[in-house]
Amino acid sequence: MATHLITGGAGFIGSHLADCLLGRGEKVVVIDNLSTGSYRNIQHLEGRDGFQCYVEDIRHESLLNELVRHADRVYHLAASVGVRLIIEKPTASLINNIVSTERVLSCASRYRKPVLITSTSEVYGKSKQAAFCEDDDRIMGATHKARWGYANSKATDEFLAMAYFQETRLPVVVVRLFNTVGPRQTGRYGMVIPNFVCQALRGLPLLVHGDGSQTRCFCHVKDVVPAMIDMIEHPQAYGRVFNLGSDREVSIKGLAEQILGKTGSQSPIRFIPYHEAYPTGFEDMQRRIPSLERVASLIGFRPVRTLDDILTDVIAEMTPRLEEERGLAEQAS
Ligand code: UDP
């Protein structure tokens, strides 16, 4: 039985990774400062055999050092994520993303531990390629636009990972996640599916940015997490970057319509200009599709869950949560 350290393990993806590993009989140690993660995501694991949690910032160097030393694998998911958070708190987000990753890499290198670094499709920037391949050029916007700062902070993480591999042969794999979604994802930081589902269930307008013709490819977290485990175990993954996600495209307007249909909600769709949704200078990407060739040839990856499966799971999780919140609000009033 191996011990897996998950930084950011109380986050949306980290908590599903913890579930998956524990389900396979592995040991899991989580470190999370609960800044964007939530205790609620791991509450059900508390007291379970093989599970340990530290509520602490990973920049606590001596603790991180000890946790990495005792781990067999390290999954680094702790980061400032979500377009809204990055735009609202750019300094803290940039510093956090770069410093934390450097510390994780340096500890993993010290103890020669396999480490998986989670990056993002944001690193492709506003490239207009039909499908993004890992070795493609990246096209970034101006430095006064915070979104590109986030993209570059994650790209810097990738450069660091590659540098450690090159100089110390650290067994490190970089995974670029494309719109990973599913239960437990919060809408607090701007992510579209939890926002739309919440708006639909509450009978509020679904706020579509722009004309809704922009597209994304959404991948169920339960397809993503086993692939991450396969990749950290695969020696041919080390020193390489992989896209991970779905390549099935949907427009944001189409997504809103599908959510209305599935929830039976009478909510209207309201189109709001980007400058109302985000501060000035924000730029969106019209399309973002991964090439999955590399990850498919390494581990045979293909997402199996459809957008309909994703929405079924998100709605099933969110419905009782919103009812609970409504009950509490009624009690308080
Ligand atoms: N979006 C939207 N309404 C929302 C939240 C997001 O129309 O309430 C749009 C957003 O502008 C983008 C797409 O949905 O075009 C996906 O946004 P998200 O933040 O989920 O992911 P990302 O932009 O990182 O792909």
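As the structure lists them, so they are numbered: ligands from 1, and atoms in each ligand from 1.
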**Asked** Looking only at protein heavy atoms, which one is nearest to atom 23 (O) of ligand 1, and how far off is it?
**Response** R147 NH2, 3.1 Å
**Item:** Distance from atom 19 (O) of ligand 1 to nearest protein heavy atom, with residue and atom
**Value:** G190 O, 3.4 Å
**Prompt:** So, R73 and E233, do they make that salt bridge, N to O below 4.0 Å?
**Reply:** yes
**Request:** Would you please classify the geometry between the F178 ring and the F132 ring as parallel, tilted or perpendicular, with 30° and 60° separating the classes?
**Result:** tilted
**Request:** Taking all heavy atoms of Q286 and all of R216, pick out the closest pair and write down the distance.
**Result:** O-NH1, 4.1 Å
**Asked** Non-hydrogen atoms of R287 versus ligand 1: any pair closer than 4.0 Å?
**Response** no
**Prompt:** Under 3.5 Å, is there a donor-acceptor pair linking the side chains of N33 and R59?
**Reply:** no
**Asked** Is there a donor-acceptor contact under 3.5 Å linking the side chains of K89 and S80?
**Response** no
**Request:** Please lay out, stage by stage, how T120 and Y150 fare under the test side-chain contact (heavy atoms from CB on, under 4.5 Å).
**Result:** CA-CA 10 Å; T120 164; Y150 171 63; 3.9 Å; yes
**Message:** Please list the nearest protein heavy atom to atom 9 (C) of ligand 1 with its residue and the distance rounded to 0.1 Å.
**Reply:** H209 ND1, 3.7 Å
**Asked** Tell me, which protein residue and heavy-atom name are nearest atom 15 (O) of ligand 1, and how many Å apart are they?
**Response** D284 OD2, 2.5 Å
**Message:** Tell me whether Y189 reaches ligand 1 (any heavy atom closer than 4.0 angstrom to a ligand atom).
**Reply:** no
**Message:** Need the ligand 1 atom indices (1-based, order shown) with element for anything under 4.0 Å from a heavy-atom of E122.
**Reply:** 24 (O)
**Item:** For S246 against P303, the heavy-atom pair lying closest together
**Value:** CA-CG, 3.9 Å
**Asked** Can a donor-acceptor pair be found between the side chains of R176 and Y124 at a distance below 3.5 Å?
**Response** yes
**Top protein contact for atom 21 (O) of ligand 1, by heavy-atom distance** = N179 ND2, 3.4 Å
**Message:** When you measure from the heavy atoms of R288 to every atom of ligand 1, does any distance fall below 4.0 Å?
**Reply:** yes
**Complete:** Counting heavy atoms under 4.0 Å, the part of I193 that contacts ligand 1 is neither
**Fill in**
Atoms of ligand 1 under 4.0 Å from any heavy atom of Y274, numbered from 1 in the order shown, are 11 (O)
**Message:** Counting C-beta onward and ignoring hydrogens, is there a side-chain heavy-atom pair between R103 and V99 closer than 4.5 Å?
**Reply:** yes
**Asked** What protein heavy atom sits nearest atom 20 (O) of ligand 1, and how far off is it?
**Response** V192 N, 2.8 Å
**Request:** Check for a donor-acceptor pair, side chain of H234 on one end and backbone N or O of D230 on the other, with a separation under 3.5 Å.
**Result:** no
**Contact with ligand 1 for M285, non-hydrogen, under 4.0 angstrom** = no
**Request:** Just need the protein heavy atom nearest to atom 3 (N) of ligand 1, so name the residue and atom and give the distance.
**Result:** L207 O, 2.8 Å
**Request:** Pull out every atom of ligand 1 sitting under 4.0 Å from any heavy atom of V208, numbered as shown with elements.
**Result:** 7 (O)
**Message:** Suppose we measure from atom 13 (C) of ligand 1 to each protein heavy atom; which comes out shortest, and what is that distance?
**Reply:** I252 CD1, 3.6 Å
